[in-house]
Amino acid sequence: MSNIISGKELSNIILDGLKNKISKIKEKRLPKIAIVQVGDNSASNKYIKHKIKGANNIGMLNEYIKLKEDITQSELELQIKKLNEDTSVDGIIVQLPLPKQINANTINSLIYPSKDADGFNPTTIGNVVLNNTDIYPATPSGIIKLLEWKNINLVGSNVVIIGRSNIVGKPLANILINKSATVTICNTKTRNLEEIATNADILISAAGSANLINKNFINKNTVVIDVGANFIDGHYCGDVNFSEVGEIVKYITPVPGGVGPMTIACLLENVYKLYLKNN
Ligand code: GUN
């Protein structure tokens, strides 16, 4: 039996479910996502292409707003306010990273929680911490679904997360705490990182550091979730040295085809949930 957890496979199941639900909508209005990009970051271009393709494939409306790199904070805020008031839009995302003249926290705070498809608004994050929402940031949501799909026990399990970002590490830790996991949040500067990681039942690497995870970080029972999305010499890879640890561990997500497609599916699922709440 393979130890690969295929995000491609599970994301297709989720997307097929969404497509089926959207095809049955009788109301005139279909769910719609607005995607805002500032500038021309090449990784963002690629991610947005996947998001638009995913939306089109399931029959979800989408509006792609690409703004110039040197836009001011107040111009961008005006754009968000317009989308907040646009009753045809169910979910808004502002692709990160943003240029340095823009305060991303302020922008995410402006998005109405009722349209917060990424789950980066402080109210949404607060509700994640309080276990008071079914809208989770898309990448953490995808990781939880992958673990639950494979019936991997969370209650009482030792979960080690490497990476403390607002997008992945912090929300994911809180979701796992609410599911009664024992969570350790590390970063690449954590002392004794290998020793801490080796004791994990579930090791989640969201450090953005290619080949960080080698055989010194794992044991034969480790479940490895690779959230890394690194471009090295034009080659896309995760944080895990897959050829070194892939055959040793209990389960592992590949890159590509692991967490990445789950992020897209869970983002679109969030938009559909917001549509249901707002309609
Ligand atoms: N940049 C990297 N990941 C994400 C994400 O999930 N959402 C947004 N908006 N930007 C990102």
Side-chain angles (χ1 to χ4, degrees), residues 7 11 14 32-55 60 62-67 69 71 76-77 79-80 83-84 89-100 102-113 115-122 124-125 128 135-146 161 163-175 204-209 225-231 236-239 253 255-256 258-274:
S11 66
I14 293 165
K32 179 171 167 183
I33 179 170
I35 300 172
V36 178
Q37 181 182 11
V38 180
D40 197 37
N41 178 293
S42 61
S44 294
N45 288 341
K46 183 172 139 281
Y47 295 140
I48 289 173
K49 212 169 97 186
H50 287 304
K51 290 172 186 180
I52 292 173
K53 190 171 165 209
M60 180 179 281
N62 50 88
E63 182 178 346
Y64 175 29
I65 300 161
K66 191 164 182 169
L67 303 165
E69 176 83 24
I71 193 171
L76 182 56
E77 288 182 6
Q79 184 61 247
I80 303 301
L83 292 170
N84 273 340
V89 171
D90 299 285
I92 303 166
I93 70 158
V94 179
Q95 189 67 30
L96 302 175
L98 288 166
K100 54 185 179 315
I102 303 292
N103 183 327
N105 282 333
T106 308
I107 297 300
N108 279 318
S109 302
L110 260 187
I111 297 173
Y112 285 166
K115 295 194 174 192
D116 182 19
D118 258 330
F120 298 163
N121 178 291
T124 316
I125 295 281
V128 169
I135 302 285
Y136 297 149
T139 301
S141 177
I143 293 167
I144 297 292
K145 283 185 203 292
L146 287 170
I161 303 173
R164 44 150 173 69
S165 70
N166 294 339
I167 299 181
V168 183
K170 284 179 204 162
L172 179 59
N174 283 282
I175 297 165
I204 302 173
S205 185
S209 178
I225 305 291
D226 190 350
V227 194
N230 309 300
F231 293 93
Y236 182 56
C237 65
D239 287 351
T253 59
V255 177
V259 173
M262 289 301 293
T263 296
I264 310 276
C266 293
L267 170 72
L268 299 176
E269 183 184 63
N270 278 350
V271 177
Y272 179 71
K273 284 181 184 172
L274 295 170

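Order of appearance sets the numbers: ligands from 1, and atoms from 1 within every ligand.
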Going by side-chain hydrogen bond (donor to acceptor under 3.5 Å, both in side chains), name the residues that satisfy it together with K273, two or more places apart in sequence or in a different chain.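 So K273 forms no side-chain hydrogen bond (donor to acceptor under 3.5 Å, both in side chains) with any residue.
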List for me each residue that meets side-chain hydrogen bond (donor to acceptor under 3.5 Å, both in side chains) alongside K46, sequence neighbours excluded, and say none if there are none.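 side-chain hydrogen bond (donor to acceptor under 3.5 Å, both in side chains) check on K46 returns nothing, list empty.
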The single option from N108, T124, N121 passing side chain to side chain donor-acceptor pair (under 3.5 Å) against D116: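 When N108, T124, N121 are each tested with D116, the side chain to side chain donor-acceptor pair (under 3.5 Å) holds only for T124.
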Atom NZ of K66: over 12 foreign heavy atoms under 6.0 Å: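 Above 12, so yes.
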Please tabulate, line by line, the atom pairs linking an N/O of ligand 1 to a protein N/O at a distance below 3.5 Å, with the distance in Å to 0.1, or answer 'none'.
residue	atom	partner	partner atom	Å
ligand 1	1 (N)	Q95	NE2	3.4
ligand 1	1 (N)	L96	O	3.0
ligand 1	7 (N)	D118	OD1	3.2
ligand 1	7 (N)	D118	OD2	3.3
ligand 1	9 (N)	V94	O	2.9
ligand 1	9 (N)	D118	OD2	2.6
ligand 1	10 (N)	Q95	NE2	3.4
ligand 1	10 (N)	L96	N	2.9

Do E77 and I107 make a side-chain contact, defined as non-hydrogen atoms from C-beta onward lying under 4.5 Å apart?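 Answer yes - side chains close enough.
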Under the rule for ring-ring contact (aromatic ring centres under 6.0 Å, His included), what residues qualify as partners of F231, not counting sequence neighbours?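 Here the qualifying residues are Y236.
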